[in-house]
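Both ligands and their constituent atoms are indexed starting at 1 by order of listing. By convention here, the first residue in the shown sequence is residue 1.
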Amino acid sequence: MPTNRSTALSLFLSRPKTPKERDNAKISSYYGENVFTDNKLRSYLSNDAYKAYSHTINNGQKISRELADQIAAALKAWAMEQGTTHYSHWFQPLTGSTAEKHDSFFTLSGSGSALEKFDGDALVQQEPDASSFPSGGLRATFEARGYTAWDPMSPAFIMDIAGSKTLCIPTVFISYTGEALDHKAPLLRSVEALDKAATGVARYFDRFVNKVTATLGWEQEYFVIDKAMYYARPDLMSSGRTVFGRGPAKGQQLEDHYFGAIPERVYAFMVDLERECHKLGIPLRTRHNEVAPSQFECAPMFEVANIAVDHNQLLMDLMDRVARRHNLIVLLHEKPFAGINGSGKHNNWSMSTDTGTNLLGPGKTPRNNLQFLTFFINTIKAVHDHADLLRASIAAESNDYRLGANEAPPAIISVFIGDYLTKVLDAIEMRVDNDLKEEEENELKLDIHKMIPDVMMDNTDRNRTSPFAFTGNKFEFRAVGSTANCADPMMILNMIVANQLNDFKEKVDKHIADGEKKDSAILKELRECIKSSKNILFEGDNYSEAWAKEAAKRGLPNIKTTPTALDAFTTPKATKIFKDMKILNDKEQEARHEIYLEKYIKKVEIESSLIEELALNQILPACIRYQTEVLLNIKASKDAGLSKGACATQELLAESISAHINATYEGIEKMRVQREKAEHQNSSRSKAIYFCDHVKPIFLEIRDHVDSLELIVEDSYWPLPKYREILFNR
Ligand code: ADP
Ligand code: MG
């Protein structure tokens with residue numbers, strides 16, 4: 001009887017190996033082709049309308065309905081020239097993926113004739129039924145209305161799916177009562193908060209600065225496997241990860257995959273993906289193999305944070321679509337394969353002024369360096385003060401499998417800055433005020449400028465184990481999960497840094513008002529920041545046991561699982577900062593906590609049922625069939641009069657299979673009982689914690705037995721594609 005696995009293997013072997021011919025057009029000839037860029041808007045709008053639009057956008061004002069009508073007309077003209085028939089508000093509900101509700105341009109006039117219509121109303125606002133999106137109680141079903149509202153900062157684009165083109169309009173998603181129901185609205189609020197706070201501080205150094213934008217360059221890790229293998233693994237299909245599977249004899253021990261040659265089929269996929277991305281204005285630049293077999297990474301040039309977030313969401317969507325065309329599947333889960341490295345999404349973050357300065361770029365002059373140090377040190381202080389919130393921002397059921405798994409940063413948030421900058425901070429901290437007073441007469445004669453030459457960027461050492469590392473001219477938040485929407489971690493980072501910069505500025509201004517010179521006032525406060533936050537700095541191996549101990553001594557939180565990590569969202573400290581910075585109100589904050597807990601619970605429930613189902617109707621039956629064969633062999637040997645002991649191995653094997661079958665079954669029974677208990681907990685939090693502490697650990701117990709069975713049961717009986725088949729097939 002053929003198994004799903006054997007069918008998958010033959011399908012895989014019949015795949016054509018040579019990728020199709022392609023034209024090698026220059027990227028610049030199609031880059032942004034499917035985006036309604038500013039240039040296109042300008043050419044489709046009247047001069048006056050474009051001027052009004054630019055003015056409105058640059059000053060962060062609201063676009064009038066009249067102007068919206070003109071923009072809608074321009075959009076429609078462009079989109080229809082491209083053969084677009086439908087439009088959709090594109091948004092990022094708290095489900096984790098993106099959502100679209102397609103409407104047609106087509107409508108009937110009063111006289112019944114067909115025509116295409118799209119006006120300002122349709123551009124600015126839509127009303128998708130919000131009742132099926134998570135709202136965490138923000139919206140009772142009787143007021144199921146939710147609105148998507150146009151985000152004019154993110155350009156509209158055309159998605160070309162199965163030959164049909166849809167105009168997508170990036171939007172935020174809010175409830176009837178105005179609360180954010182998505183990832184994007186709070187992110188935009190945080191971008192604004194950071195702009196205000198950082199502009200204030202940047203003006204100490206350059207009075208021409210009028211705007212500061214948060215920048216984000218993500219690096220996306222992912223696995224690529226054959227589609228047939230995927231369809232033969234129900235666990236990959238429903239939970240994104242393998243719940244069973246013995247590590248292959250050859251895994252990543254030889255470390256031969258990282259930066260190795262990219263297999264041709266995957267290469268062909270990457271090239272197609274890049275082309276789709278480039279047409280949509282996603283500036284992908286790098287592609288390479290990652291550490292694990294079949295694992296890869298891509299990264300774009302960095303962009304304004306909110307656009308980069310949209311682009312990462314689009315990328316994840318495109319990856320799935322494009323891979324399927326190549327009979328491949330992209331796995332974004334943080335830990336699809338036990339014992340093999342997982343995937344992350346490094347978020348490279350910085351701040352940049354409208355005068356073209358990267359505020360985390362060390363400068364060449366002492367004055368520029370003071371600016372760099374100000375933003376650098378304030379970021380460290382913010383991370384120190386709100387490490388728990390940053391940890392919460394990356395908490396997800398799937399990321400729990402990766403964080404702290406000796407391949408990814410631990411759940412302890414610390415900051416790596418390298419030897420060089422450690423010395424600089426020490427120097428600033430040690431300097432006594434008297435010293436400074438003399439020196440400041442002569443501008444700012446700190447040694448800082450000597451210590452940070454302009455080769456700085458290449459000079460910083462790397463620490464791959466750090467969750468939050470300074471990498472020359474940006475911080476790299478490395479603990480973000482590969483499936484995550486970058487919006488949450490970016491929202492928190494922008495917010496805590498904005499809050500810290502406000503606080504810093506208030507204190508510096510006070511020193512200045514008290515008669516102190518500006519540079520000296522700044523240094524004084526920087527010193528305070530260093531003193532109070534230096535215990536978050538860690539230069540060593542974050543994977544080591546010693547660090548976990550040391551971190552505990554330092555009082556740094558080490559929260560390993562999502563349900564408790566999420567507590568940070570509801571502390572009084574969190575409430576205060578969310579409110580002060582106008583990022584989330586009480587209701588939104590509570591709702592988010594609730595939604596994330598619910599999501600956690602659902603994920604564990606799904607995996608638990610999956611394990612039960614796979615074990616009961618695929619694994620155990622296969623093992624029983626094989627065991628019958630072994631028993632028949634024993635019986636036949638005895639019937640044939642072979643000596644006692646001639647079947648000792650078969651007997652041991654049959655016993656061993658029985659033992660593992662029974663243990664698997666017992667595990668499942670135990671899991672059912674615990675699941676039942678979990679369902680009866682009286683709050684989402686206690687339910688999530690119960691699932692985490694009492695249901696999840698049983699997954700591993702069951703897996704242990706199933707993986708042992710995988711080793712002893714004859715290969716052709718095994719129903720699920722094995723790791724070596726999934727991971728090493730090219
Ligand atoms: P790595 O060695 O970590 O792979 P790369 O040099 O490839 O680092 O850069 C990683 C990411 O950092 C890229 O997406 C890049 O665009 C981004 N990046 C560079 N400068 C900045 C910046 N100022 N702000 C945000 N991201 C940045
Ligand atoms: Mg990196």
**Q** Does ligand 1 have any atom that is closer than 4.0 Å to a heavy atom of R285?
**A** no
**Q** Using side chain to side chain contact (heavy atoms under 4.5 Å, CB included) as the criterion, point out the one residue from V304, V309, N306, T213 that pairs with V191.
**A** N306
**Q** Within the 4.0 Å heavy-atom shell around E219, which atoms of ligand 1 are there?
**A** 1 (P), 3 (O), 4 (O), 10 (C)
**Q** Please identify which atoms of ligand 1 are closer than 4.0 Å to at least one heavy atom of N348.
**A** 10 (C), 11 (C), 12 (O), 17 (C), 25 (C), 26 (N)
**Q** Is ligand 1 under 4.0 Å from a heavy atom in the side chain of K474, in the backbone, in both, or in neither?
**A** side chain
**Q** To the nearest 0.5 Å, how far apart are CE in M490 and NE2 in H183?
**A** 13.5 Å
**Q** Under 4.0 Å, heavy-atom basis, I'd like to know which part of N358 is in contact with ligand 1: side chain, backbone, both or neither.
**A** side chain
**Q** N347 vs E219, test: side chain to side chain donor-acceptor pair (under 3.5 Å). Steps then yes/no.
**A** CA-CA 7 Å; N347 279 203; E219 298 161 65; over 6 Å; no
**Q** Between H346 and ligand 1, which residue portion shows a heavy-atom distance shorter than 4.0 Å: side chain, backbone, both, or neither?
**A** neither
**Q** Just go through A299, P300, G472 and tell me whose heavy atom is the nearest to atom 14 (O) of ligand 1.
**A** P300
**Q** With nothing but distance in play, are any N or O atoms of F302 less than 3.5 Å from an N or O of ligand 1?
**A** yes
**Q** Taking the six-membered ring for Trp and the full ring for Phe, Tyr or His, determine whether the centres of F470 and F376 are under 6.0 Å apart.
**A** yes
